[in-house]
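Taking it in order: structure first as structure tokens, then the write-up.
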Amino acid sequence: MKKIVLKKSSAEEAAKPQKNYKIRYADELNAAQLEAVMHDTGAALIVAGAGTGKTRTLVYRVARLIEDGVAPESILILTFTRKSASEMLRRAAHLLDGRCEAVSGGTFHSFAHSLLRRSPRHLEALGFNGSFSVLDQSDAEDVVNLLRAQIAGGSEKADKNSKRRFPRKQALFDIFSTSANCVKTVASVVKAEYPQYEQETPAIEQLHGLYVGYKRRHNLMDYDDLLTHFLSIIRSAPEMKRDLQQRYRYIMVDEYQDTNQLQHDIVLELGGYHENVMAVGDDAQSIYSFRGANFENIMHFPDSFRHCAVIKLEENFRSTQPILSLTNEIISRAAFGYQKELYSRKSGSTMPAIIRTDNEQEQSQLIVQQVLELREQGVPLDEIAVLVRSGFHSFDLELELNRANIPYQKFGGFKFVETAHIKDIIAHLRVVANPKDAVSWNRILLLLEGVGPRTAAKIIDAITDGTVTLDNAHNVGSIIKSDENIRVLFSVLAKAAAQTQNVGEIAWQIIEFYRPLMKKKYDDYKKRLKDVETFGGIAERYRSINSLLSDMAIDPPVESVEDVAATGKDDEFLTISTIHSAKGLEWNTVFLIWALDGRFPPVRSFDTPDTIEEERRLFYVACTRAKERLFITHPINIFDRESGMVLGKVSRFIEGIPDSLADYFQVTQEEE
DNA sequence: TTGTCCCACTTTTTT
DNA sequence: AGTGGGACAA
């Protein structure tokens, strides 16, 4: 028989004699928040709807624990982005005092990464050493592709017809990654997610084995490996686990709805002894299923502990009631019932607007005009955001903003470190840090004239088996016909490896070497050169190549290309952001553009109910970012190349919303 | 073996 | 539209 624990009511809790706290918790928080903040030991799940003061609650709890004498170092906050971790600690420090800065925090990946680096002994047991390189997704895909070519090369002749069916690198990597994140076998992932490749399962499994072996041999880890290897180390090294459990007595995990099985397992290992784990999240805001998160996970969280308090935050402090009424309606149409009806005490007379325009330019012009008007009315640019489903949805708008001289920063979408030329530079640094890094070797060798895949492979083999090292480049001559370029390359790298210069100097030398290569490779050389120089500037800030590299891989600059290069950032700016990157943030005024069925939700999500539901939650997240004004815009009759369809309907998520919940507008051009 | 040209396909979203 | 891969010529 199961036990039911009767909890103290929050009234009783508040009536308890308060200790002598510096902060007046009872006055500054509502009952549910207070209950969460005062929660002491044992597991707890905080189900916090959008805008209900989730971050505030976490911040206050940190302060409260410290006021009660808990050592700041023994608190660990795992968050979704590095930004939100530092923001939280900053707020806590502001609220209480500098002690809060000593709280440990970061993303799962950065946390695992730093512990791995600090455990060389355990790494060696796994076949790695402390100077491993971190592969980002595209690097990892390149490795998979390399191996894929080897397998295909062998079997190609045998059955050329079936070659067509073999999954591409992206699909393969996705299978491996899902398998790691959901802690499932490769075969079962193929069966569930890629049934069309089921007959290829043995080859896919073989490839997976090769991939795992390759990474180990070359001292490489992808994002998933940071977590899986960390987990296997703490599982196999009891003394280390005990040490960590001892060190982190209080664990808080933010955005729990977006964690996956692997991350959940890590939380259990770390918090399994004290069970002082507090998870915070909202099932209605789960938007990372493509990374293995499942919104149901958060609901099963209590099952993993002997006791788990469940606290719901339902009062929204962010948005006005008209906005909430609309967002409540949007989420209530979901196929799965989320047991939540948010309410707000903020009245407000402005209704959300749903605006139809004839085409994309009109939509962009409308935004520009509205932004200018809002600014007249005294809404600062910092308080305005334009949210998009996918990064490229804002291209036209960006042109229009430039024309109108409205400064903006873009978050999400294509990132600085993902551009080819920056990856080239980084590859040079990577081989210095980890000479076994064959992917990077391959990348930089192919840049040289006269070096193709074949020659590159020869050189890499020689490096891997030790015939050639950075400082005895002349050995290269015995393998291939030596060449001026290669000698220069090796001398630059050898000099870097000698560690007589600082990181900035090394980076600039590599840039010098790379510059002529880049000039030949790209016709927009000038633009790219600027990026490369920006990178040089960034590199100067680092004390070691390794820390530069891990930051670039795990915690890269979030701004997209143009902004990193842009100077004078301190000015006020408008925010353009993907919805995924807007998570947890809020603005006075939010524009959600391209709310067109087929764009949002995208055509490709139409097939399965699960993906549509995820899109719906995404739409919900977007709308709940608005405090006072919400504009949803959509052009009409847009030809979609991808599907070959003409898109002519407003997004299904707001189709048929009654006039009582939103004002409808149609944009028309002014008559001359 | 490398380099070039052309065609097909692809694009979410992030660590 | 821009990349990646395959076919083919040098």
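In what follows, every chain begins at residue 1, and chains take the letters A, B, ... in the order their sequences are listed.
- Side-chain atoms of A:Asn434 come within 3.5 Å of backbone N or O of A:Asn219 as a donor-acceptor pair.
- Residues forming a ring pair (Phe, Tyr, Trp, His ring centres under 6.0 Å) with A:Phe395 (at least two apart in sequence, or on another chain): none.
- Among the atoms of the strands shown, only primed sugar atoms or phosphate atoms (P, OP1, OP2) are found under 4.0 Å from some heavy atom of A:Asn145.
- Applying the side-chain hydrogen bond (donor to acceptor under 3.5 Å, both in side chains) test to A:Tyr194 and every residue at least two apart in sequence or in another chain returns A:Asp174.
- If you check B:dT11, B:dT14, B:dT15 against the side chain of A:Tyr223, the one that comes closest is B:dT15.
- Side chains of A:Asn181 and A:Ser177: a donor on one and an acceptor on the other come within 3.5 Å.
- For B:dT11, one of the phosphate oxygens OP1 or OP2 lies less than 4.0 angstrom from a side-chain nitrogen or oxygen of A:Gln170.
- Contacts between residues 107-115 of chain A and DNA chain B, counted as heavy-atom distances below 4.0 Å, involve A:Thr107, A:His109.
- Residue A:Arg291 places its side chain closer to B:dT15 than to any other of C:dG5, B:dT11, B:dT15.
- Within 4.0 Å (heavy atoms only), A:Ser605 reaches no atom of the nucleic acid at all.
- Put simply, A:Thr578 has a side-chain N or O that comes within less than 4.0 Å of OP1 or OP2 on B:dT14.
- When rounded to the nearest whole Å, the span between CG of A:Leu146 and P of C:dG4 equals 15 Å.
- Picking from B:dT15, B:dT11, B:dT13 the nucleotide with the shortest atom distance to the side chain of A:Phe290 gives B:dT13.
- Between the P atom of C:dT3 and the NE2 atom of A:His421 lies a distance of 11 Å, rounded to the nearest Å.
- Among the heavy atoms of the strands lying under 4.0 Å from A:Gln137 is at least one base atom, whether or not backbone atoms are also near.
- In this structure, A:Asp142 atom CG and C:dG4 atom P are separated by 8 Å, rounded to whole Å.
- Ring-base stacking between A:Tyr288 and B:dT14 is not satisfied when judged by a centre separation under 5.5 Å and a plane angle under 30°.
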**Report entry** Test log, rule salt bridge (Lys or Arg N to Asp or Glu O under 4.0 Å), inputs A:Arg291 and A:Asp224
**Finding:** CA-CA 10 Å; A:Arg291 230 170 77 186; A:Asp224 304 327; over 6 Å; no
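- Taking atom CG of A:Leu78 as the reference point, atom P of B:dT14 lies 21 Å away to the nearest angstrom.
- The ring pair (Phe, Tyr, Trp, His ring centres under 6.0 Å) search around A:Phe128 returns A:His229, not counting sequence neighbours.
- Remark: A:Lys423 engages A:Asp139 in a salt bridge, criterion side-chain N to carboxylate O under 4.0 Å.
- Side-chain contact check for A:Tyr542 and A:Asp551: at least one donor-acceptor pair (N or O, by modelled atom type) lies under 3.5 Å.
- To the nearest angstrom, P of B:dT13 lies 12 Å from CZ of A:Phe600.
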Under 3.5 Å, N/O pairs linking protein and nucleotides 1-3 of chain B:
| residue | atom | partner | partner atom | Å |
| --- | --- | --- | --- | --- |
| B:dT1 | OP1 | A:Arg454 | NE | 3.2 |
| B:dT2 | OP1 | A:Gly452 | N | 2.8 |
| B:dT2 | OP1 | A:Thr455 | N | 3.1 |
| B:dT2 | OP1 | A:Thr455 | OG1 | 2.2 |
| B:dT2 | OP2 | A:Arg454 | N | 3.2 |
| B:dT2 | O5' | A:Gly452 | N | 3.4 |
| B:dG3 | OP1 | A:Gly450 | N | 2.9 |

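- Remark: A:Tyr288 engages A:Phe80, A:Phe290, A:His580 in a ring pair (Phe, Tyr, Trp, His ring centres under 6.0 Å) (not counting sequence neighbours).
- Protein atom CZ of A:Arg168 is 13 Å distant from nucleotide atom P of B:dA8, rounded to whole Å.
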